[in-house]
Each structure stands twice: as C-alpha cells, then as structure tokens.
**Student:** 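Take a look at this one; I'll ask things after.
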Number of protein chains: 2
Amino acid sequence: MVAAKSNLSASLEDYLEVIFNLAGESNVVRSKDIAKLLGVSKSSVTGALRVLKSKGLANYKPYDYVTLTEAGQAAAAEVARKHNILKYFFVNVLGVDSDIAQKAACKAEHVLGPEVIARLLSFIEFVTRSSKNGYDLADEFKQFCKNRSQSSNFPDKEISEVSDVVGLNEVKPGQKGRIVKIIGRSGVNKRIADMGVVPGTTVEVQRVAPLGDPIDVKLKGYHLSLRKEEASKIMVELVQ
Amino acid sequence: MVAAKSNLSASLEDYLEVIFNLAGESNVVRSKDIAKLLGVSKSSVTGALRVLKSKGLANYKPYDYVTLTEAGQAAAAEVARKHNILKYFFVNVLGVDSDIAQKAACKAEHVLGPEVIARLLSFIEFVTRSSKNGYDLADEFKQFCKNRSQSSNFPDKEISEVSDVVGLNEVKPGQKGRIVKIIGRSGVNKRIADMGVVPGTTVEVQRVAPLGDPIDVKLKGYHLSLRKEEASKIMVELVQ
DNA sequence: TAGTATAGTTAGGCTTGCCTAACTTTGTCA
DNA sequence: TGACAAAGTTAGGCAAGCCTAACTATACTA
Ligand SMILES: [Mn+2]
Ligand SMILES: [Mn+2]
Ligand SMILES: [Mn+2]
Ligand SMILES: [Mn+2]
C-alpha cells in the first residue's frame, strides 16, 4: 500500500492527526473534541471536515460521528509517525523539554520530507544501538552540555555582513563613497548630475553643517554644497 | 542587543532572509531579485515590503532600493542563523542531500524555536568535537547506514489502532457488536429503539441478504430484520 | 414525552498571501 | 533628448483558514 502523494496543508494534516489520535483513544470522534485539541472554533472543524471529505479522506456526514477513510487513515498515520520520530529525537537525543518538543514536532512534521525523516529515524536507531555497545551517545551528549561553560564557541557559520550602500547624507566627514545610483529624476537631480554627480564617481564628504544640512563634498576636484534632501538621494558605497 | 519577540509569519521571514542574503552578495537589493529568489510576482514583493515597513523592519520607499532597518537585520540574521544550523545538521550529521537539506532547512527555520535550535547547535558542536578525538560520529553513522540491510527495524513507536466503531451494516454474519449510538431520530429509529435497539445493547448479525438488505440480527433473544438504511445508522463497536 | 442543554451547522466577515493585467517610473543608448 | 526596455506599483480578484453570532439537530433528564 504505497501512500498517495497527498499535498495536504499543515492545517489539514493536523485535523487528520487529531482525528486519528482521538479515534485511538475513544470509541467515537466528536467535532467538539477536535475543536478543543486544535484550539479552533466548532465551525472551523465543520469547514475542515467538508474539505477532508471532498479529498476522500474523511467520511463526513452532518451531525454524524467523524471517521477517516482508508486513505485518510494512511495519511494521518504518516503525519503521526513523523511527529513521533521528531519528538523522540528532540527529547531523547537532543534533550529538549517534553512540552517544547511536542509543539516543535507538531510544526516540523508538516515541513520535513521523507528523506530527512528517514535519516533521522536511522540516526535514532544508530544512537540507540550505540548505547547497547557501552557508549551511550545521548548520555555522552548530555555530559558534554553540562561540562562545557555556557559560552558556545562553535564557529556559528559566519553570516555575511550587510552591504555598505547608504545615502550620501549618512556619510561622515572624511569618508569617501563611490556613487552607486541617484534616486529620482527631478530638475534638482539633473543639476547635480551636470556637476559630475553620476554613478561610478567617488565623492568625499568634507563638512556637514550642524543639522546635517548643507553637506560639503568634493568630487573630481570640485567642491559642491548639497542639501540634505539631495544628498539622501545619492546612494554611495563606502570605500577605503 | 536582545532580539525583539518578532512573531513574523514564515512568509515575511523569508522575505527578510532573501533581502539579507542579497544585501550580502551585491551592493543594492532589487525587488525583482527578491521576486525571483522567492518565486513570487513583483507585486507580491511590493506588498510584502509595505508590511515589513509598517513593522519597522524595512526602509521601503516606492521605486527605491530595498534596505533593512536595524531591527530588520537582526530578525533576518536570526532566520539565516537557524537556516545555517539546520542545513549543516541535515547535511553533515544526517547525510541528507544538499538540495533537499537546503529546502528542508528553509521550511523548518520558521517553526523551530530557540530551545531546539540551541540544542541542535550544541549537538553539532558535540559531533565536531568528537571527530577531533578520533571518534568521527558522523562518519560512524554513515558506516552504520551503509552496513545495515535496507530494512529498518527500529521499534517505530507503535501507532495506536483506529477504533472499531462501524455501522451495523458493515458487520459480518456471526460477528457481534455493542451499540454505541443511534444516529437520527426519525420515526423508524424510534421503532427500532422500542424493540430494544439502544446504546449498550449487544447485537449479533445472523444473516445478510445478497445486496446487504435486509440484515437479520439477534439481540436480547429477539430476532430482528433491519433495512440496510436503518442498520447504517446503528453504530456498533465490534466485540469478541 | 417535553424542555433544556449540548453539539453541530450556516451565514457572513476578516486577514494573509498570492495572482494577473494595466499602468507609471526609471534606466539606457543611439 | 527621446524612444524603448526594464523595474516597480496599483487595482482587482481569489483561496485558505480562521472567527462570531444565530440557528438547528440531537441528547439528556425529569
Ligand atoms: Mn502538526
Ligand atoms: Mn503532530
Ligand atoms: Mn524559509
Ligand atoms: Mn531559509
């Protein structure tokens, strides 16, 4: 029985999952219990059940008990399986708190595909196996967490810096910038373009008046005084 | 600088993430590049940027380049960090294919909280550390995966069976069921209720006519012939 | 068996996030 | 400069999921 490619939303998978779990706990599944477990209103459940029926996953009849079709049970079981594997890993390998693990598993179960889940299951098996050979990996990890000082100094994959393109108005006196772009096309911008303010040119800020207006800059040997408003439209990349 | 509790949707986090990454790769960030990377239309990007601006995360001005605020950069960096940690774990510990890991990480990054991510990072550190002590855990795991026959026999956390409450019409001759509920309140249902068909009673199906109609049952010593339509409204739990 | 409590449905509305088509702004280059 | 291309915005619409309020069907109990 190969599971059909389902393409269900996270929401619908959760409905399937709780119906599946409720069915395992009591004789019949009631709409209100689904609502309570998922934290949604009764009418939301009605809506979801209609969708599940339309997809051939639930045997829905108004006012009737809720049951899953064969296909629905298969899909639900798959979700529940992912949930269990994930929670097991979070709790018994990583040592995450049970409640947090429960919630995390019920989110992640909808976004991790079979390849990742299969590997994770193998890994759990590996860890379990290792503990039988005298080397309890999960335990070893817990020790590792305890013994180490709080500061994690793992080379937390350096994250590339954000580019240094800013408005010319933000450049400090003495700094230089290469013009990347001039925003807008107004008469004023044409005026400064005529004075050599074009992309590619390097400008140096010389003086900035108290309130940031005006700004004295030097480019191509010329001096130029710019309004803050104008400068803010000149995007430069800081150089040197 | 403590990161503010953001509560961003997965979608908005992805926008932040790609803006952050693009900013690291080139001088300026263009709307169309965001659209291309996320696989959405230009207008969707415009909409998202307006939302990010309203949340104080992006410096959005129509037709201007896209930049992030301090808060936006912080939020984006957090998402990117989760992404990197998850991908690293999937690829270098679990041995998942790089492309699949990339996609899985970019989904899971939105649903796994700081507790899980912190533990995962510690675990990666633990594995890395172990490899320096001559016991390469990740490598060991790969061997384990290879050497083992395809069949995984890990006690895949037994999943509870679905409850056996069915309509009486589905019960085979010779089987018995305890009545759980009778659906509907029509005159017909009242008739059979008068004959002892009430919740709690155990019925045994004796004979079923060729097309499933009628159905002969025995209860409390009486014989009763039911229409399939009637029987389908009598929910029973299989017994014995 | 009626009257009330409970369960479930319907109607209508909201938000998020996406789309296409048409339009405007900006960039480019002869 | 001015025409054309590229980038970005606006308008309008749609689907998924959720909600509340009002209504209806079923269950319980005296
Ligand atoms: Mn879930
Ligand atoms: Mn779950
Ligand atoms: Mn993502
Ligand atoms: Mn990502």
Side-chain angles (χ1 to χ4, degrees), chain A residues 7-16 19 22 26 28-55 58 60-66 110 179-187 189-190 193-194 198-200 233-235, chain B residues 7-16 18-19 22 26 28-55 58 60-66 110 179-190 193-194 198-200 233-235:
Chain A
N7 268 359
L8 292 168
S9 67
S11 171
L12 289 181
E13 285 189 348
D14 275 341
Y15 280 102
L16 284 178
I19 295 168
L22 281 170
S26 67
V28 293
V29 178
R30 288 208 169 71
S31 206
K32 75 156 180 163
D33 296 323
I34 302 172
K36 189 171 192 182
L37 272 182
L38 286 177
V40 300
S41 72
K42 297 176 291 171
S43 60
S44 296
V45 176
T46 304
L49 289 174
R50 275 202 288 243
V51 175
L52 289 177
K53 183 200 170 93
S54 80
K55 291 183 184 295
Y60 171 70
K61 278 184 190 174
Y63 296 105
D64 202 350
Y65 287 138
V66 179
H110 311 291
I179 298 174
V180 172
K181 187 201 175 187
I182 296 150
I183 297 164
R185 217 189 198 181
S186 68
N189 290 342
K190 277 185 187 164
D194 289 343
V198 292
K233 305 215 161 180
I234 301 170
M235 304 302 294
Chain B
N7 268 359
L8 292 167
S9 68
S11 171
L12 288 181
E13 285 189 347
D14 274 341
Y15 280 101
L16 284 178
V18 303
I19 294 167
L22 282 170
S26 67
V28 292
V29 178
R30 289 206 169 72
S31 206
K32 74 155 182 169
D33 296 322
I34 302 173
K36 188 171 192 183
L37 272 183
L38 286 178
V40 299
S41 72
K42 297 176 291 170
S43 61
S44 296
V45 176
T46 303
L49 289 175
R50 274 202 288 243
V51 176
L52 289 177
K53 182 198 169 97
S54 80
K55 291 184 183 296
Y60 171 70
K61 279 185 190 172
Y63 296 105
D64 203 349
Y65 287 139
V66 179
H110 311 291
I179 297 175
V180 172
K181 187 203 176 187
I182 296 149
I183 297 165
R185 217 190 196 181
S186 69
V188 173
N189 289 341
K190 278 185 186 164
D194 290 343
V198 292
K233 305 215 161 180
I234 301 170
M235 304 303 294

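In what follows, chains are A, B, ... by sequence order, proteins preceding strands, each numbered from 1.
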**Student:** Rounded to the nearest Å, what distance is computed from the CG atom of residue A:L38 to the P atom of nucleotide D:dC19?
**Tutor:** 10 Å
**Student:** B:K61 has an atom NZ; how far is it from atom P of C:dT24, in whole Å?
**Tutor:** 23 Å
**Student:** Closest to the B:Y63 side chain: C:dA7, C:dT24, C:dG17?
**Tutor:** C:dT24
**Student:** In the structure I gave you, are the side-chain heavy atoms of A:V66 and A:L52 within less than 4.5 Å of one another anywhere?
**Tutor:** no
**Student:** From CD of B:E13 over to C1' of C:dT16, roughly how many Å is that when rounded to an integer?
**Tutor:** 15 Å
**Student:** Calculate the interatomic distance between B:D14 atom CG and C:dG17 atom P; express it in whole Å.
**Tutor:** 11 Å
**Student:** Scan side-chain atoms only and decide if A:S43 and A:S41 contain a donor-acceptor pair under the 3.5 Å cut-off.
**Tutor:** yes
**Student:** Base, sugar-phosphate or nothing for A:S11? Non-hydrogen atoms, less than 4.0 Å.
**Tutor:** sugar-phosphate
**Student:** Could you check which of D:dC18, D:dT10, D:dT20 has an atom nearest any side-chain atom of A:S41?
**Tutor:** D:dT20
**Student:** Just N and O in the side chain of B:Y65: are any of them under 4.0 Å from OP1 or OP2 of C:dT26?
**Tutor:** no
**Student:** Would you indicate which nucleotide in C:dA21, D:dC18, D:dG17 comes nearest to any side-chain atom of A:L12?
**Tutor:** D:dG17
**Student:** Which of the following nucleotides, D:dG8, C:dC19, C:dG17, is nearest to the side chain of B:T46?
**Tutor:** D:dG8
**Student:** Hey, does B:K32 reach any base, or is it just sugar-phosphate, or nothing, if we go heavy atoms under 4.0 Å?
**Tutor:** sugar-phosphate
**Student:** Using whole Å, what does the distance between atom P of nucleotide D:dG17 and atom OH of A:Y15 come to?
**Tutor:** 9 Å
**Student:** In whole Å, I'd like the distance from the NZ atom of B:K42 to the P atom of C:dT24.
**Tutor:** 14 Å
**Student:** When the distance from CG of B:L49 to C1' of D:dT9 is rounded to whole Å, what number comes out?
**Tutor:** 11 Å
**Student:** Looking only at non-hydrogen atoms, find the nearest pair between B:Y60 and B:R50 and report the distance.
**Tutor:** CE2-CG, 3.7 Å
**Student:** Closest to the A:R50 side chain: C:dA21, C:dT10, D:dC19?
**Tutor:** C:dT10
**Student:** Ignoring hydrogens and angles, are the base of D:dT9 and the side chain of B:S31 linked by a donor-acceptor pair under 3.5 Å?
**Tutor:** no
**Student:** Under 4.0 Å between a side-chain N or O of B:R30 and OP1 or OP2 of D:dA6?
**Tutor:** no
**Student:** Write down the distance between CD1 (A:I34) and P (C:dA7), rounded to a whole number of angstrom.
**Tutor:** 13 Å
